[in-house]
Amino acid sequence: MKMDVEKIFRMKGGVGKTSYSKNSSLQKKASDKVKYITLETIEQVYLTAKPKSLGIADLGCSSGPNTLSNIREIVDAIEEISRRTLQPAPEFRVYLNDLPTNDFNAIFQALPDFYGGLKNGSSNQGAPPSIYIAGYPGTFYGRLFPDNCLHFIYSSYSLHWLSKVPQGLYDETCRSINKGSIYISDNSPPEVPKAYSKQFQEDFSLFLHSRSKELVSGGGMVLILLARKGPNHIDRGNSFFWEILYRSLASLVRKGDVEEEKLDSYDVHFYAPSKEELEDLIKKEGWSLKLEGVEMFEIEKDVCDGSATSYGTRVAMTVRAIQESMIAHHFGDAIVDDLFDIYGRMVDEEMAKEDIRAVTSVVVLRKL
């Protein structure tokens, strides 16, 4: 059964226990690790262009606190540069983009506190910055903005999500050829990694082409996404977590809570590219975007976050906040609690044997 990703996929909205807002600290930790790259990139753009109105887009903003935290850091950095150079601070045009199903209301409800914090913390001679924030629903696999209107584009933990489950995973009867897996695994036939790689190439190329039109000359992009080390698709960094999700679902099949046919027909719309794939795609397209650099890093697990919650449970809550919409649509809501209880226990069991860290890449681009 094929799913319309654009209409179904979303992070868990609201501010409840299982919401993305309450379960996105791992993403925040990663973005903080490369914050210096983000701020250096937009600072260079600003110093070169010195625009009176600075256009910024966060693509895949979701609904948690991370996006407004990132915007605050960017505004503070630009205001500090303006103060040091004795230049008037620019106005900020901020576009928060995600799929139409995203909980934009959660972001809008947080804006009064955000504006209040800016007013109280401004270094611009006591005057709050002029900042205009808007929600911008739609897929970023295609055009979103007019030509030459953005100075900086930021995307964190979004571009590893494909626009759809790859067509190449299905045979002529529309059945998945990836039985025994929900992503690329040792059990997958060779056609599976090829299908995922092809879909990522199509999506990422379209993303870059669209953004190259929307950025002004000299504008910059910082893209943070899950990745893998080397050519082997079956790594212990990211495919491991999908393997655990499959095993958790399979345990529910054995209990009679999930139909085996349902599991056989479920595949995720995810792909972790290698550094070489990213570099080749950017260089091959030959657009007006210059690759400034690609860095790979891992995030160490927190041994303790100050609570009695195990690391596996925290990972399970993070994955649930991201995947619940797709899983509930395909399998039904009734299995979700049990599924992620099992998932958390399995992660703890595996991590007790081996320290497994997800691999992340940060890509910096500039429009010529």
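Remark: the S248 side chain and the S251 side chain contain no N/O donor-acceptor pair separated by less than 3.5 Å. Judged purely by distance below 3.5 Å, without hydrogens or angles, the side chains of T41 and Y154 never pair a donor atom with an acceptor atom. Residues S69 and K28 bring a donor and an acceptor atom of their side chains to less than 3.5 Å of each other. With 3.5 Å as the limit, one finds a donor-acceptor pair spanning the side chains of K367 and N148. One side chain, T173 or D171, offers a donor N or O that lies under 3.5 Å from an acceptor on the other. H330 and S265 share a donor-acceptor pair across their side chains, judged by distance under 3.5 Å alone. A donor and an acceptor atom, one from each side chain of S82 and Y46, are located under 3.5 Å apart.
The cationic group of R211 lies under 6.0 Å from the six-membered ring centre of F207 and within 45° of the ring axis, placing it in a cation-pi geometry.
Ionic pairing of E277 and K284 is not present here: no N-O contact between side-chain nitrogen and carboxylate oxygen is shorter than 4.0 angstrom. With salt bridges taken as basic N to acidic carboxylate O contacts below 4.0 Å, one links R247 and E243. A salt bridge does not link K52 to E91: none of the charged side-chain nitrogens sits closer than 4.0 Å to a carboxylate oxygen.
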**Request:** Dump the intermediate steps for side chain to side chain contact (heavy atoms under 4.5 Å, CB included) on V294 and L291, then the final yes or no.
**Result:** CA-CA 8 Å; V294 180; L291 178 62; 3.7 Å; yes
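A 4.5 Å side-chain heavy-atom check between L225 and V363 finds at least one atom pair inside the cut-off. With a 4.5 Å cut-off on side-chain heavy atoms, Q323 and F9 count as touching.
A pairwise comparison of heavy atoms in I177 and G168 identifies CD1-O, 3.6 Å as the closest pair. Minimum interatomic distance between L162 and Q199 (heavy atoms only, all atoms of both residues): CD1-CG, 4.0 Å. Contact detail for S19 and G13: the closest heavy-atom pair is CB-O, 3.3 Å.
Among pairs with a residue in residues 132-142, none fulfils side-chain hydrogen bond (donor to acceptor under 3.5 Å, both in side chains), at least two apart in sequence or across chains.
Of the residues K229, R228, K33, the one that meets the salt bridge (charged side-chain N to carboxylate O under 4.0 Å, His left out) test with E298 is K229.
Ring orientation note: the planes of Y183 and Y196 are nearly perpendicular, at an angle over 60° on the 30°/60° scale.
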